[in-house]
There are 2 protein chains.
Amino acid sequence: MSDYERTCMIRGDGGRTIRTILDRICDKWTLLIVATLDEQRLRFTDLHRQVPGISQRMLTLTLRNLERDGLVSRTAYAEVPPRVEYALTATGRSLIAPALALAGWAIEHISHIEASRTAYEASARKPSAAQPD
Amino acid sequence: MSDYERTCMIRGDGGRTIRTILDRICDKWTLLIVATLDEQRLRFTDLHRQVPGISQRMLTLTLRNLERDGLVSRTAYAEVPPRVEYALTATGRSLIAPALALAGWAIEHISHIEASRTAYEASARKPSAAQPD
DNA sequence: CTGCATCCTGTGAGATACTG
DNA sequence: CAGTATCTCACAGGATGCAG
């Protein structure tokens with residue numbers, strides 16, 4: 001596949017396809033939850049503990065979306081106290097690899113990006129704020 | 001690298017690394033602009049035309065962020081009328097490949113996801129709205 | 001234990017109009 | 001042509017409290 005064809009995959013139908021998937025995994029918690037569920041079934045509270053910083057609300061909402069999209073399976077046991085287990089589906093597991101490609105890129109380039117940001121801020125065209133000295 | 005190690009890359013420091021890069025490319029337009037700039041230098045207006053639906057404001061803001069992060073270079077020509085050209089840097093181009101991995105996943109699974117969504121909506125536990133018939 | 005409803009706030013992002 | 005400024009609205013997401 002040529003580079004041109006590759007970018008056309010992203011640009012595609014005006015970006016609708018790629019945007020669909022980005023909307024799916026970019027909502028701050030999705031990817032983290034998928035990664036956390038990889039290789040392990042977890043119940044709600046355990047998941048809540050293993051994803052630091054997430055609120056119950058967002059955990060519920062994100063799991064719902066993942067379940068709706070068939071990326072996560074939800075199994076409720078009719079017990080007392082109630083028990084619900086979440087696990088990745090095959091589709092959910094298949095997301096890990098491409099997500100890893102992105103994570104790899106991030107790790108590889110994050111320092112360069114941070115440096116570029118710092119340099120940009122330093123030499124930035126400040127509208128009216130002049131240099132400190 | 002084992003699957004476990006792979007997911008640890010995502011989960012990593014509580015997701016900070018992966019979140020950093022997601023925050024970068026998930027702002028609705030970034031990836032589309034990067035893909036559009038792949039293999040071609042474009043000026044502001046041309047870019048505006050080639051990314052359907054984007055507003056001038058968002059194009060400006062997104063380009064600014066990309067420039068700041070060293071993913072896109074901005075070249076202004078002191079001419080009349082003014083001319084500014086945008087192009088990918090090496091770092092920017094390197095984002096194409098992992099983005100493609102994601103786009104590939106999206107294309108491969110989008111129909112399954114859509115189907116799952118439809119099924120979920122159909123058989124969903126509606127709080128009070130009963131079945132149509 | 002699991003999860004939903006409510007309130008509240010910050011930010012993303014469109015529309016529009018104006019400047020160099 | 002290439003932006004900037006402002007106004008506005010919608011929604012993401014945190015905190016809290018309630019229910020099965």
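In what follows, chains are A, B, ... by sequence order, proteins preceding strands, each numbered from 1. Bear in mind that the values here come from a model prediction, so they are computed numbers and not experimental data.
Under the side chain to side chain contact (heavy atoms under 4.5 Å, CB included) criterion, A:Ala87 pairs with A:Arg41, A:Ser73, not counting sequence neighbours. Checked against side-chain hydrogen bond (donor to acceptor under 3.5 Å, both in side chains), B:Gln40 has the following partners two or more places apart in sequence or in another chain: B:Gln50. A search for side chain to side chain contact (heavy atoms under 4.5 Å, CB included) contacts involving B:Asn65 returns B:Asp27, B:Arg68, not counting sequence neighbours. Scored by the salt bridge (Lys or Arg N to Asp or Glu O under 4.0 Å) test, B:Arg83 finds B:Glu79, B:Glu85 as partners (sequence neighbours excluded). Contacts of B:Asp69 classified as salt bridge (Lys or Arg N to Asp or Glu O under 4.0 Å), with partners at least two apart in sequence or in another chain: A:Arg117, B:Arg24. In this structure A:Ser116 satisfies the side-chain hydrogen bond (donor to acceptor under 3.5 Å, both in side chains) test with no other residue, sequence neighbours excluded.
Within the model, atoms OG1 of B:Thr7 and CG of A:Leu32 stand 11.0 Å from one another, a figure rounded to the nearest 0.5 Å.
Neither OP1 nor OP2 of D:dC1 sits under 4.0 Å from any side-chain N or O of B:Tyr86. When the side-chain nitrogen and oxygen atoms of A:Arg64 are compared with OP1 and OP2 of C:dC4, one or more of them lie within a distance under 4.0 Å. One finds a side-chain N or O of A:Arg74 lying less than 4.0 angstrom from the OP1 or OP2 phosphate oxygen of C:dG3.
Mapped onto DNA chain D by nearest heavy atom, A:Leu61 and B:Pro81 fall at different nucleotides, with B:Pro81 at the one closer to the 5' end.
In this structure, B:Leu31 and B:Ala99 approach most closely via the heavy-atom pair CD1-CB, 3.7 Å.
For B:Glu67 and D:dA2, the CD to P distance is 15 Å, given to the nearest whole Å. Regarding A:Leu63, its CG atom lies at a distance of 15 Å from the C1' atom of D:dG13, rounded to whole Å. A:Leu59 places its CG atom 11 Å from the P atom of D:dG14, with the value rounded to the nearest Å. Atom pair A:Glu85:CD and C:dC1:C1' shows a separation of 13 Å (rounding to whole Å applied).
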Could you go through nucleotides 14-20 of chain C and list every protein N or O atom that sits under 3.5 Å from one of its N or O atoms, giving the distance for each pair?
{"from": "C:dG14", "atom 1": "OP1", "to": "B:Lys28", "atom 2": "NZ", "distance (Å)": "3.1"}
{"from": "C:dG14", "atom 1": "OP2", "to": "B:Ser55", "atom 2": "OG", "distance (Å)": "3.4"}

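Note on the helix from C:dC1-D:dG20 to C:dG20-D:dC1: terminal axis deviation equals 40°, with five pairs used at each end and the result rounded to 10°.
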List, one per line, each side-chain donor-acceptor pair under 3.5 Å for residues 55-63 of chain A, sequence neighbours excluded.
{"from": "A:Ser55", "atom 1": "OG", "to": "A:Met58", "atom 2": "N", "distance (Å)": "3.2"}
{"from": "A:Thr60", "atom 1": "OG1", "to": "A:Gln56", "atom 2": "O", "distance (Å)": "3.0"}
{"from": "A:Thr62", "atom 1": "OG1", "to": "A:Met58", "atom 2": "O", "distance (Å)": "2.6"}

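Shown for residues 30-51 of chain B: residues whose heavy atoms fall under 4.0 angstrom of DNA chain D, namely B:Arg43, B:Phe44, B:Thr45.
Listed by first and then second residue, the ring pair (Phe, Tyr, Trp, His ring centres under 6.0 Å) pairs involving residues 26-66 of chain B amount to none (not counting sequence neighbours). Among pairs with a residue in residues 71-105 of chain B, those fulfilling ring pair (Phe, Tyr, Trp, His ring centres under 6.0 Å) read B:Trp105-B:His109, at least two apart in sequence or across chains.
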